[in-house]
Amino acid sequence: RVNHPGTSSEDYYHKIKSSVIRDGSMHVGLPPDKEFSSQLQNEFIQRLHEAQDDPTIKNVLIITHVPCMESQITRRPYHFEWSIGTTFFGNLSVEKEIRKISKVRAVCSGHSHKGTRLDDVFDNGNTVEVLNSDADYNNPSYLKFLFE
């Protein structure tokens with residue numbers, strides 16, 4: 001972790017957000033990040049558990065705009081700008097809940113613009129594909145999934 005004055009305070013991240021990511025200047029009228037993230041996280045986790053409990057649902061494919069699994073994040077701890085940007089380009093707080101859902105077959109996220117694919121063994125013993133899309137600006141891509 002790079003030690004930089006003020007990097008641990010929420011106020012610091014809030015102040016620099018619009019200079020780090022373009023979206024930071026477009027969130028007018030939304031609740032603060034942590035509040036908004038908690039609201040979306042709670043709704044997402046509820047839907048995951050509903051899918052898990054629904055006998056008509058056999059497979060769950062999770063697709064998110066930003067990474068939701070640690071293995072999808074590229075860390076560069078000695079690069080200050082990269083480290084600050086990483087703060088805003090993922091929502092890893094749902095990973096623990098995702099790992100509990102035995103019907104999850106794949107987790108795919110975008111935003112990294114770097115194609116990666118790996119197998120991850122979840123807490124329930126299932127092997128799950130975890131992917132990052134390699135789509136980039138003016139360079140769309142697609143991913144193919146096959147479930148039994």
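- Residue T127 holds its OG1 atom at 10.5 Å from CZ of R105, rounded to the nearest 0.5 Å.
- By the 4.5 Å heavy-atom criterion applied to side chains, F122 and I101 are not counted as neighbours.
- Residues satisfying the salt bridge (Lys or Arg N to Asp or Glu O under 4.0 Å) test with K103, not counting sequence neighbours, are none.
- Considering all non-hydrogen atoms of both residues, V128 and V104 come closest at CG2-O, 3.4 Å.
- For V60 against A51, the heavy-atom pair with the smallest separation is CG2-CB, 3.9 Å.
- Taken to the nearest 0.5 Å, the OG1 atom of T64 stands 7.5 Å off from the CD1 atom of I98.
- When each of Q46, H49, Q41 is checked for a side-chain hydrogen bond (donor to acceptor under 3.5 Å, both in side chains) with E97, only H49 meets the rule.
- Every residue was checked against the side chain to side chain donor-acceptor pair (under 3.5 Å) condition with S71, not counting sequence neighbours, and none meets it.
- In this structure, the separation between CG on N132 and CD1 on I73 is 7.5 Å, given to the nearest 0.5 Å.
- Evaluation of the salt bridge (Lys or Arg N to Asp or Glu O under 4.0 Å) test over residues 46-55, restricted to residues two or more places apart or in two chains, returns none.
- Residues passing the side chain to side chain donor-acceptor pair (under 3.5 Å) test with E95, sequence neighbours excluded: R99.
- A search for side-chain contact (heavy atoms from CB on, under 4.5 Å) contacts involving S102 returns Q52, N124, N126, not counting sequence neighbours.
- Here the shortest heavy-atom pairing between C68 and S109 reads N-OG, 3.8 Å.
- Rounding to the nearest 0.5 Å places SG of C108 at 7.5 Å from CD of Q72.
- With rounding to the nearest 0.5 Å, the separation of OG in S93 from CD1 in I45 is 7.0 Å.
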